[in-house]
Novice: 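Here you go, one structure.
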Amino acid sequence: MQPIAAPLLQWFDANKRLLPFRQEPSAYHIWVSEIMLQQTRVAAAIPYYERFIAALPDPAALAACEPDALRKLWQGLGYYNRVNNMQKAARIVCEQYGGDLPADYDALRSLPGIGDYTAGAVASIAFGIPVPAVDGNVLRVFARLYNDDADVMAPATKKAFTVRVLDQMPKATPGPYNEALMELGALVCIPGTPHCEECPLADLCRGYAAGRADQLPVKPAPKAKGKVPVTVALIESEQGLLLQRRPARGLLAGLWQPAAWEKALTRDELTAALAGIGVQAALDEPLPPAKHVFTHKIWELGGWKGTAPACALPDGYVWAAPEDLAEVYPVPNAFGAYVKAK
DNA sequence: CACGCGTGGGG
DNA sequence: TCCCCAAGCGT
């Protein structure tokens, strides 16, 4: 394979987007943006990034943030464990590195939530350290460039591609090189039907030469998602909406939701379940059926809307007034059919 | 290595 | 409408 760096970097200079985290690319800014961008589109992450940096401008502020306030900043972005890990990492940064991210790949890689990709991105983009940052974009670009049919989801393939990425890297400008590969993947070498006619690497691309760039990269067939019934009780008292906190681990960990059970309950069973937490509810109106598709399962939501007298609640339950629902309690968008918490 | 873990936009 | 996903990480 001929060197790709020169045409790639020239294209990047002329075509890179002016993204907020490229304005003042401190290590903290790059870190926050890279965590947000994991499995997330740039357009979706930008407003979250702006708000997050304004509220928590440095690792010390992140380390000290109250958990519910932190999750509220992340509400709607998904993969909530990312922000929990980021706070753990911020505390380590404050305790062990004086409040600044370490300019060292292995030290970055050891922090919670920072894997091979993010360590490489922060090290190369923020610190100019010549290490690769291989994400889904880079895997797609290289699968096409080398006309390689290997399953890009397999860890072994990622390792082999990482060697090629490092071989091609101009050691003086690792950050722009890594960013340029990702930007090319995001703008030109896109999934499905790539824009090969405007690609700066088309002359070198073996997949293009073979006329099969649109068939790459190869990924395994997706697995079927299981369907899970969820019965929701949307209960209002004069003190607000009944919310419960989800378990600290697993799906939507630690977030708040209207009282709900991951099984199909009849109206009478739901009334009894609510009585079990001290809530004497009148269930007046069925909720419209709704569906929420996660990466690995599908919630089939239903239930009842009703009212109840305000009462004392067990730990992990609250009556949430409208302003607290909007500003205090992070509620996942999985319940968006019934609750608007933004 | 395989799986759990969110969400909203585009074809 | 449905299906594809998008700058991955932890276990």
Side-chain angles (χ1 to χ4, degrees), chain A residues 16-17 19-22 25 29-49 71 74-86 88-89 108-122 124-125 132-141 151-159 162 165 175 178-187 189-195 214 217 219-226 228 246-255 257 291-299 330-337 342:
Chain A
K16 68 177 165 185
R17 291 167 291 179
L19 301 173
F21 32 87
R22 287 177 176 160
H29 289 172
I30 297 299
W31 176 42
V32 171
S33 69
E34 293 298 344
I35 299 296
M36 284 189 175
L37 289 168
Q38 289 170 9
Q39 302 292 286
T40 305
R41 294 172 186 280
V42 168
I46 284 175
Y48 285 88
Y49 174 83
R71 286 191 275 265
W74 210 266
Q75 172 184 292
L77 202 48
Y79 289 132
Y80 297 91
N81 201 35
R82 290 184 291 178
V83 76
N84 300 329
N85 279 331
M86 203 160 49
K88 288 182 193 170
L108 290 166
R109 179 65 180 80
S110 73
L111 294 169
I114 297 188
D116 292 340
Y117 164 74
T118 304
V122 175
S124 63
I125 298 169
V134 180
D135 71 338
N137 285 310
V138 178
L139 291 172
R140 182 172 58 255
V141 169
D151 168 11
V152 294
M153 300 302 280
T157 306
K158 187 182 163 188
K159 266 188 186 174
T162 299
V165 172
N178 285 336
E179 276 199 277
L181 283 176
M182 292 187 273
E183 195 79 337
L184 187 71
L187 299 181
C189 195
I190 59 174
T193 309
H195 302 158
D214 60 348
K219 295 185 178 185
K223 290 183 53 181
K225 304 181 201 310
V228 179
R246 293 184 58 83
R249 297 180 178 280
L251 183 66
L252 307 170
L255 275 66
Q257 66 184 28
K291 187 174 292 192
H292 187 81
V293 181
F294 295 99
T295 306
H296 58 300
K297 68 172 77 173
I298 300 174
W299 273 2
V331 176
N333 287 356
F335 294 91
K342 284 185 180 177

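Each chain gets a letter, A, B and so on, in the order its sequence line appears, and its residues count up from 1.
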Novice: Please tell me which of the listed nucleotides, C:dC4, C:dG8, B:dT7, lies nearest to the side chain of A:Tyr117?
Specialist: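 Given the options C:dC4, C:dG8, B:dT7, the side chain of A:Tyr117 is closest to C:dG8.
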Novice: If you check the A:Pro155 side chain, which of B:dC1, C:dC5, B:dG6 turns out closest?
Specialist: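 In terms of side-chain proximity for A:Pro155, the closest of B:dC1, C:dC5, B:dG6 is B:dC1.
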Novice: Would you indicate, yes or no, if B:dG8 has its OP1 or OP2 atom less than 4.0 angstrom from a side-chain nitrogen or oxygen of A:Asn333?
Specialist: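 Result: yes.
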Novice: Base, sugar-phosphate alone, or nothing: which one does A:Ala334 contact when heavy atoms must sit under 4.0 Å apart?
Specialist: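 Contact class for A:Ala334: sugar-phosphate only.
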Novice: Out of A:Ile125, A:Leu19, A:Leu184, A:Ile30, which residue meets the side-chain contact (heavy atoms from CB on, under 4.5 Å) rule with A:Glu179?
Specialist: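 The side-chain contact (heavy atoms from CB on, under 4.5 Å) with A:Glu179 is passed solely by A:Ile125 among A:Ile125, A:Leu19, A:Leu184, A:Ile30.
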Novice: Donor-acceptor pair, A:Asn333 side chain versus A:Gly336 backbone, under 3.5 Å?
Specialist: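 Such a contact is absent between A:Asn333 side chain and A:Gly336 backbone.
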Novice: What I want to find out is whether A:Asp151 reaches A:Lys219 closely enough, with some N-O distance under 4.0 Å, to be called a salt bridge.
Specialist: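 Answer for the salt bridge query: no.
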Novice: A:Arg71: what forms a salt bridge (charged side-chain N to carboxylate O under 4.0 Å, His left out) with it, not counting sequence neighbours?
Specialist: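 So A:Arg71 forms a salt bridge (charged side-chain N to carboxylate O under 4.0 Å, His left out) with A:Asp68.
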Novice: In whole Å, what is the span from the CD atom of A:Gln257 to the P atom of B:dG6?
Specialist: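 These atoms are roughly 12 Å apart.
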Novice: Just checking, any donor-acceptor pair under 3.5 angstrom between side chains of A:Tyr117 and A:Gln38?
Specialist: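 No pair is found: no donor N or O on one side chain lies under 3.5 Å from an acceptor on the other.
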Novice: Please give the stem ranges for DNA chain B, sorted by first residue number, where a stem is three or more consecutive Watson-Crick or G-U pairs and both donor-acceptor distances are under 3.5 Å.
Specialist: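 Expected stems, ordered by start: B:2-5 with C:8-11, B:7-11 with C:2-6.
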Novice: Checking all strands, does A:Arg246 fall into the base, sugar-phosphate, or nothing category for heavy-atom contacts under 4.0 angstrom?
Specialist: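 If one applies the 4.0 Å heavy-atom cut-off, A:Arg246 turns out to touch nothing in the nucleic acid.
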Novice: Write down the distance between CG (A:Leu108) and C1' (C:dC9), rounded to a whole number of angstrom.
Specialist: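 A:Leu108 atom CG is separated from C:dC9 atom C1' by 15 Å.
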Novice: Under 4.0 Å, heavy atoms only, any strand: does A:Arg22 hit a base, just the sugar-phosphate, or nothing?
Specialist: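 Base contact - A:Arg22 has a heavy atom under 4.0 Å of at least one base atom.
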Novice: Please pick, from B:dC3, C:dG8, B:dC1, the nucleotide with the shortest atom-to-atom distance to any side-chain atom of A:Lys223.
Specialist: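 Of the options given, the side chain of A:Lys223 lies nearest B:dC3.
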Novice: Give the nucleotide from the list C:dC9, B:dC1, B:dG6 with an atom nearest to the side chain of A:Lys158.
Specialist: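 Selected nucleotide: C:dC9.
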Novice: Indicate whether OP1 or OP2 belonging to B:dG6 is found under 4.0 Å from a side-chain N or O atom of A:His292.
Specialist: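 So the side-chain polar atoms of A:His292 never come under 4.0 Å of the phosphate oxygens OP1 or OP2 of B:dG6.
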Novice: From CZ of A:Arg41 over to P of B:dG11, roughly how many Å is that when rounded to an integer?
Specialist: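 Going from A:Arg41 (CZ) to B:dG11 (P), I get 9 Å.
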Novice: In the structure I gave you, are the side-chain heavy atoms of A:Lys291 and A:Trp299 within less than 4.5 Å of one another anywhere?
Specialist: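 They are not in side-chain contact.
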Novice: By the 4.0 Å heavy-atom rule, please label A:Gly192 as base, sugar-phosphate, or nothing.
Specialist: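 Nothing: the residue A:Gly192, judged by heavy atoms under 4.0 Å, touches no strand.
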Novice: Any heavy-atom pair between the side chains of A:Gln75 and A:Tyr48 that's under 4.5 Å?
Specialist: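 No, every pair of side-chain atoms sits at 4.5 Å or beyond.
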Novice: One thing to verify: whether A:Arg82 and A:Glu34 come together as a salt bridge, which I'm taking to mean a side-chain N less than 4.0 angstrom from a carboxylate O.
Specialist: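 No salt bridge links A:Glu34 with A:Arg82.
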Novice: Look at the side chain of A:Asp135 and decide which nucleotide, out of C:dG8, C:dA6, B:dT7, has an atom nearest to it.
Specialist: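 Minimum distance to the A:Asp135 side chain belongs to C:dG8.
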Novice: Identify, between A:Asn85 and A:Leu19, the residue whose nearest nucleotide on DNA chain C lies closer to the 5' end.
Specialist: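 Residue closer to the 5' terminus by nearest nucleotide: A:Leu19.
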Novice: Mind checking the P distance from C:dA6 to B:dC5? Whole angstroms is fine.
Specialist: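 Straight-line distance between the two P atoms is 22 Å.
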Novice: Counting side-chain heavy atoms from CB outward, which of C:dG8, B:dG8, B:dG6 is closest to A:Leu251?
Specialist: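 Looking only at side-chain atoms, A:Leu251 lies closest to B:dG6.
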Novice: On DNA chain B, nearest-nucleotide positions of A:Ala44 versus A:His296: which is more 5'?
Specialist: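 Counting from the 5' end, the first nearest nucleotide belongs to A:His296.
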Novice: Rounded to whole angstrom units, what separation is found between the NZ atom of A:Lys297 and the C1' atom of B:dG6?
Specialist: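 Those two atoms, NZ and C1', are 12 Å apart.
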Novice: Nearest whole Å is fine: how far is C:dC5 P from A:Gln39 CD?
Specialist: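 It works out to 11 Å between those atoms.
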Novice: NA contact type, A:Val293, heavy-atom cut-off 4.0 Å: base, sugar-phosphate, or nothing?
Specialist: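 Answer is base: heavy atoms of A:Val293 come under 4.0 Å of a base.
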Novice: So, is A:Tyr79 close to the B:dG4 phosphate, meaning a side-chain N or O under 4.0 Å from OP1 or OP2?
Specialist: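 Checking A:Tyr79 against B:dG4: no side-chain N or O falls below 4.0 Å of OP1 or OP2.
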Novice: What contact category does A:Thr118 fall into here, base, sugar-phosphate, or nothing, at under 4.0 angstrom with non-hydrogen atoms?
Specialist: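 Result for A:Thr118 = sugar-phosphate.
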Novice: On a plain distance test, is the side chain of A:Thr295 in donor-acceptor contact with the base of B:dG6 below 3.5 Å?
Specialist: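 Side chain to base: pair found, below 3.5 Å.
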Novice: Give the nucleotide from the list C:dG8, C:dG10, B:dT7 with an atom nearest to the side chain of A:Pro332.
Specialist: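 From the listed options, B:dT7 comes nearest.
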Novice: Hey, does A:Arg249 reach any base, or is it just sugar-phosphate, or nothing, if we go heavy atoms under 4.0 Å?
Specialist: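 No contact.
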Novice: Ignoring hydrogens and geometry beyond distance, is the side chain of A:Thr40 in donor-acceptor contact with the base of B:dG6 at under 3.5 Å?
Specialist: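 Under the 3.5 Å cut-off, the side chain and the base do form a donor-acceptor pair.
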Novice: Taking the side chain of A:Pro222 as heavy atoms from C-beta outward, which of C:dC4, C:dG10, B:dG6 is closest to it?
Specialist: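 Closest of the options to the side chain of A:Pro222: C:dC4.
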Novice: For A:Ala154 and for A:Leu77, locate the closest nucleotide of DNA chain B by heavy-atom distance; then report the residue assigned to the nucleotide nearer the 5' terminus.
Specialist: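 Its nucleotide being nearer the 5' end, the pick is A:Ala154.
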Novice: Contact class for A:Ala156 vs. all strands (heavy atom < 4.0 Å): base, sugar-phosphate, or nothing?
Specialist: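 Sugar-phosphate, no base atom in range.
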Novice: What is the separation between atom CG on A:Asn84 and atom P on C:dG10, rounded to the nearest whole Å?
Specialist: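 Distance check: A:Asn84 CG to C:dG10 P gives 12 Å.
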Novice: Please state how far atom CG in A:Asp116 lies from atom P in C:dC9, giving the value in whole angstrom units.
Specialist: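 Those two atoms, CG and P, are 7 Å apart.
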Novice: Within this structure, what is the CZ-to-C1' distance between A:Arg82 and C:dG10, rounded to whole angstrom?
Specialist: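 So the two atoms are 14 Å apart, to the nearest Å.
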Novice: Pick the nucleotide of DNA chain C nearest each of A:Ser33 and A:Ile114; which residue has the one closer to the 5' end?
Specialist: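 With A:Ser33 and A:Ile114 compared, the 5'-side residue is A:Ser33.
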Novice: Taking ring pair (Phe, Tyr, Trp, His ring centres under 6.0 Å) as the test, write out the residues that go with A:Phe21, two or more places apart.
Specialist: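 With neighbours one apart ignored, the set is A:Tyr49.
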Novice: Going by atom types alone, do A:Tyr79 and A:Thr40 pair a side-chain donor with an acceptor below 3.5 Å?
Specialist: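 There is no such pair (donor and acceptor under 3.5 Å, judged by atom type) between the side chains of A:Tyr79 and A:Thr40.
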